[in-house]
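No hydrogens, no waters, no symmetry mates; every other heavy atom, side chains included, goes into these values. For this chain, numbers begin at 1 and follow the sequence in order.
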Amino acid sequence: MRKILLMLFLIHLAIPKGKAWGFFGHKLANELAIYTLRGDLFAFYKSNLDFIRSHAVDADKRRYLVEDEGYNHYIDVDYFEKQMPIDTLRLPLDSLYILYDSSLLKTSGFGPWNLTYKYYSLKKAFELKDQMRILKLSADIGHYMSDLHVPLHTNSNYNGQKSNQLGIHGLWETRTLEKYHTSYWLHCKEAAYLYDLRSFIWDRVEESYILSATVLQMDSLVKTELTDAQEYSFEERNGKKYKTFSDKYVSQYHKLLDGMIEERLKASAYAIGSIWYTAWIDAGQPDLQFQSQIFEHKDTTVYREKMLGRQE
Ligand SMILES: [Zn+2]
């Protein structure tokens, strides 16, 4: 009996709860990104679809193991920019360290810089024709790029904690997406070569940040339209009752967002595919006809129950 209980405990620890786009959203974004590619590159990624999908969430799993990993998933634009467009943050990181306190820079997140760094690592992996590294980095880039397409990953009020809107993070990127994705038309634009990768990333961050105001405003609007009793319902999971947003709340919110989640998901896929494509072109378009097959190993890591650092 003790052995069974211990096993159940470990299984519980080994399955981190969905974060950011939610595990579902991240896997979907990585899969859609494959369909933005063409030719040999498409053939390579398509033959590794399972890997790219299942490892789309590795970056979030690392947040249960490594404290500093969390900073790679977001950027709090509002600490640095009083109005749009983003200009201060686009300065090289070295200059920002002169202007701002290093601990503020760290806690506000390194999302865009981390992504640029990962692009260089992917380019290197293509040059070395290191299949495993190409796949791991591609899956991670997919994760980080789609995180930066989530409006609340660019705002310090990331879970509505400053405006009495707690739970908005998961409502936008997990609950609503999971409920409505089957109604989306998920045809994505073909990937393109990015001549200015840094500007491309900051442009996406700027879009997300502008949208973050709408994400919060629409939620406030739902709250004014529904009575307290209509806002929440209770759900039973593993014998425990959880308070959650009611179906009515989710449906009103989705309607008010007017296609925003669908658009950000498709934009993520295009951006991910374009970074993969750019890294491959910049590496000299190496031949990707690998002889060996990548075999999946079972993840036996024991994760902590809680994320380290910022909780979403
Ligand atoms: Zn993330």
Side-chain angles (χ1 to χ4, degrees), residues 15-33 35 53-54 56-57 59-61 73-74 142-143 145-155 157-161 163-188 207-208 211-272 307 311-312:
I15 308 168
K17 290 151 203 83
K19 297 292 165 189
W21 269 106
F23 282 10
F24 174 78
H26 275 299
K27 287 178 179 184
L28 183 57
N30 271 15
E31 180 171 355
L32 290 172
Y35 296 103
R53 255 187 76 88
S54 61
V57 293
D60 268 346
K61 288 184 182 173
H73 298 244
Y74 64 90
H143 182 98
M145 188 76 251
S146 45
D147 267 358
L148 292 180
H149 278 74
V150 173
L152 291 177
H153 275 248
T154 62
N155 193 316
N157 191 16
Y158 56 89
N159 197 20
Q161 76 279 15
S163 51
N164 204 19
Q165 291 173 283
L166 266 184
I168 178 79
H169 200 102
L171 174 67
W172 191 96
E173 64 188 16
T174 306
R175 180 84 189 273
T176 313
L177 173 71
E178 289 181 3
K179 190 166 159 59
Y180 289 101
H181 74 278
T182 50
S183 65
Y184 295 167
W185 169 243
L186 294 175
H187 183 78
C188 304
E207 286 167 0
S208 288
L211 288 171
S212 68
T214 313
V215 166
L216 293 159
Q217 276 161 11
M218 292 306 131
D219 179 67
S220 300
L221 202 53
V222 180
K223 284 184 178 12
T224 60
E225 285 174 356
L226 300 181
T227 63
D228 285 358
Q230 286 175 320
E231 282 184 23
Y232 298 100
S233 60
F234 287 88
E235 212 174 72
E236 208 174 302
R237 266 179 281 143
N238 306 325
K240 277 188 180 172
K241 276 198 168 183
Y242 292 90
K243 191 177 170 188
T244 181
F245 291 108
S246 66
D247 281 345
K248 194 174 174 67
Y249 196 108
V250 180
S251 111
Q252 297 272 88
Y253 186 54
H254 189 247
K255 208 180 292 166
L256 287 169
L257 287 176
D258 195 22
M260 188 203 288
I261 297 177
E262 181 178 353
E263 186 278 325
R264 290 317 274 164
L265 181 65
K266 288 195 278 194
S268 299
Y270 167 76
I272 297 164
M307 258 185 188
Q311 304 289 313
E312 285 163 3

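- Around atom NZ of K248, no more than 12 heavy atoms belonging to other residues, nucleotides or ligands sit under 6.0 Å away.
- With sequence neighbours left out, H149 forms a ring pair (Phe, Tyr, Trp, His ring centres under 6.0 Å) with no residue at all.
- Using a 4.5 Å heavy-atom threshold, the side chains of L152 and N159 count as separate.
- Distance CH2/W172 to CG/L211: 8.0 Å, rounded to 0.5 Å.
- Residues E178 and H181 come closest through the heavy atom pair O-ND1, 3.2 Å.
- Closest of all the heavy-atom pairs between F23 and V57 is CD1-CG1, 3.4 Å.
- The line from CG of L221 to CG of L216 is 12.5 Å long, rounded to the nearest 0.5 Å.
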Task: E31 vs K27, salt bridge (charged side-chain N to carboxylate O under 4.0 Å, His left out): CA-CA, chis, key distance, verdict - done: CA-CA 6 Å; E31 180 171 355; K27 287 178 179 184; over 6 Å; no
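- Contact check for V215 versus M260: side-chain heavy atoms found under the 4.5 Å cut-off.
- Scanning both residues, I168 and G160, for their nearest heavy atoms gives CG2-N, 3.3 Å.
- Of all non-hydrogen atoms in S246 and S233, the two that sit nearest each other are CA-OG, 3.7 Å.
- Counting non-hydrogen atoms of other residues, nucleotides and ligands closer than 6.0 Å to NZ of K179 gives a total above 12.
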- [ ] Let me see the working for R264 and E207 under salt bridge (charged side-chain N to carboxylate O under 4.0 Å, His left out), right down to the final yes or no.
- [x] CA-CA 10 Å; R264 290 317 274 164; E207 286 167 0; 2.8 Å; yes
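- Here Y270 pairs with nothing under the ring pair (Phe, Tyr, Trp, His ring centres under 6.0 Å) rule; sequence neighbours left out.
- In terms of modelled atom types and a separation under 3.5 Å, the side chain of N155 and the main chain of N157 share a donor-acceptor contact.
- In this structure, D247 and R175 have side chains that are in contact, with non-hydrogen atoms separated by less than 4.5 Å.
- Note that CZ of R53 is 9.0 Å distant from CG of L32, once rounded to the nearest 0.5 Å.
- Between G142 and I272 the shortest heavy-atom distance is O-CD1, 3.4 Å.
- Using cut-offs of 30° and 60° on the angle between ring planes, the pair W185 and H187 is parallel.
- A donor-acceptor contact shorter than 3.5 Å links the side chain of Q230 to the backbone of T227.
- Relative orientation of the H26 and H143 rings is parallel, given thresholds of 30° and 60° on the angle between their planes.
- In summary, the aromatic rings of Y232 and F245 are positioned with their centroids under 6.0 Å apart.
- For the pair D219/Y253, a side-chain contact is recorded, criterion being any heavy-atom separation below 4.5 Å from C-beta on.
- In this structure, the side chains of H73 and D60 come closer than 4.5 Å at one or more pairs of heavy atoms.
- One distance of note links CD1 of I261 with OG1 of T176; it measures 4.5 Å at 0.5 Å rounding.
- Smallest separation of non-hydrogen atoms from H153 and D147: CB-O, 3.1 Å.
- Under the 3.5 Å distance criterion, with hydrogens and angles disregarded, a donor-acceptor pair is assigned to the side chains of S220 and Q165.
- Atoms OH and OG, on Y180 and S251 in that order, are 4.0 Å from each other to the nearest 0.5 Å.
- Using a 4.5 Å cut-off on side-chain heavy atoms (C-beta onward), L186 and Y184 make contact.
- Here the NE2 atom belonging to H254 is positioned 8.0 Å from the CG atom belonging to L177, to the nearest 0.5 angstrom.
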